[in-house]
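Comments concern the structure below.
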Amino acid sequence: MEADRLNSPSTSVITFEVLGHQLQFSQDPNSKHLGTTVWDSSMVFAKFLEKNCRKGRFCPSKLKGRRVIELGAGCGVAGFGMALLGCDVVSTDQIEVVSLLRRNIERNTSRIMQMNSNSDSFGSIRVAELDWGNEDHIKAVAPPFDYIIGTDVVYAEHLLGPLLKTIIALSGPKTTIMLGHEIRCTSVHEQMLQTWKKFFEVKIVPRAKMDSKYQHPSIQLFIMGLKTPAVTAEKPDNAVSAENLDKKTQGIDQQVNEVKTRKTDREEGQNCGNGTGVDDLDGEVIKEDCLQVTRLPDGKLSDWEARRYGSMAARLLRDIKIT
Ligand SMILES: C[S@@+](CC[C@H](N)C(=O)[O-])C[C@H]1O[C@@H](n2cnc3c(N)ncnc32)[C@H](O)[C@@H]1O
């Protein structure tokens, strides 16, 4: 799909321990599609749920039966985390990814069902094709949802408009939108943030609320609600006729473009792949190499540290041109 991958699918299965379960996610190292690998922000998202599920809005008693849709689910890690906490999840992606996604969901669901004592709070999870902006796909999943989630779904400017339209079409007045994002390119990040702020009340999860290991200065979690409930899908049958989707999302492309053209001088001329650093939300430059390394007793890096170094290396290599 994309020529310049930013992570490296070197293994065909990863094991991830979260919410008391050893989950296994298959990847496809031979595929060029970005959805066939587990991305780090999905792990940060799931581990954030684990850390915050004892009390408050993410405890299983509050989440039981909540309808969740995951957009651009890839291998399905973040949505599976929500299902483990009792939500009824629809995990979606483009058709090319759906079969791998389905295999991952089925494999982990059956593992959990076999562990009777530990599966009490499990909700449900199913897979559906959803191409952003496709009215038939949106209608088929029956919006509105309580939660719309996505991790690492904004990696290029052209995706912002279709993603935003889809989020709005799937939302009701009380929908919460939770996104995980790894900052790789300042201009995409700035445009995304300004666009979100235009349409949503945006809260950025402080790093203290994230798992102490599964976090990184360049990975952010956003919790958002729509600013203008009038544009949302209040009634399911009002949600997604072609005409309604058009009405609800009218002007979004224009507004996304407005944000684009208002880029600051600071951003102009910046290269998405410069690999030297990224801006955090206060405009401070975060050093990409500020990963705290804790060696395991045998002197090896933990899986997470190895992933983060892999990500850094991929970013640096992207800028090397072999002539
Ligand atoms: C970088 S991957 C992230 C995958 C997964 N969320 C994760 O964190 O591991 C981006 C995902 O967005 C999906 N995606 C990109 N454009 C899309 C579109 N127009 N409609 C639906 N999904 C899309 C890709 O198929 C891919 O699964």
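Counting convention: from 1, in listed order, for ligands and their atoms alike. Not measured: the values here are computed from a predicted model.
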Here the gap from D88 atom CG to Y147 atom OH, rounded to the nearest 0.5 Å, amounts to 13.5 Å
ask   = Purely on distance, is any nitrogen or oxygen of D152 under 3.5 Å from one on ligand 1?
value = no
If we number the atoms of ligand 1 from 1 as shown, the ones under 4.0 Å from a heavy atom of L34 are 2 (S)
Among W132, F45, F25, the residue with a heavy atom nearest to atom 14 (N) of ligand 1 is W132
- Query: Hey, does D131 come in under 3.5 Å of ligand 1, counting only N/O atoms on both sides?
  - Reply: yes
Between the OG1 atom in T37 and the CG atom in D152, the distance rounded to the nearest 0.5 Å is 10.0 Å
Inset, instruction - Using distance alone, with no hydrogens and no angle criterion, decide if S31 and T36 have a side-chain donor and acceptor under 3.5 Å apart. - result: yes
Distance alone, cut at 3.5 Å: any donor-acceptor contact between the side chains of R107 and S26? yes
Return yes or no for this condition: an N or O of D93 is under 3.5 Å from an N or O of ligand 1.
-> yes
* To do: Consider ligand 1: state whether an atom of it lies below 4.0 angstrom from any non-hydrogen atom of H33.
  => yes
The atoms of ligand 1 lying under 4.0 Å from a heavy atom of L159, numbered in the order shown, are 16 (N)
Is a side-chain donor-acceptor pair under 3.5 Å present for Q220 with H189?
-> yes
Does the residue L130 have a heavy-atom contact with ligand 1, meaning some pair of atoms that are separated by less than 4.0 Å?
yes
When rounded to the nearest 0.5 Å, the distance separating SG of C59 from NZ of K64 is 12.5 Å
Practice prompt. Please verify whether a non-hydrogen atom of A73 lies at under 4.0 Å from ligand 1.
Written response: yes
Worksheet item: Do side-chain atoms of E50 reach the backbone of L19 as a donor and acceptor pair under 3.5 angstrom?
Response: yes
Q) Would you say the side-chain atoms of R57 and T176 include a donor-acceptor pair closer than 3.5 Å? A) yes
| Taking both backbone and side-chain atoms of G72, is any N or O found less than 3.5 Å from an N or O belonging to ligand 1? | yes
| Can a non-hydrogen atom of T37 be found less than 4.0 Å from any atom of ligand 1? | yes
Quick note on ligand 1: atoms under 4.0 Å from a heavy atom of G35 include exactly 26 (C), 27 (O)
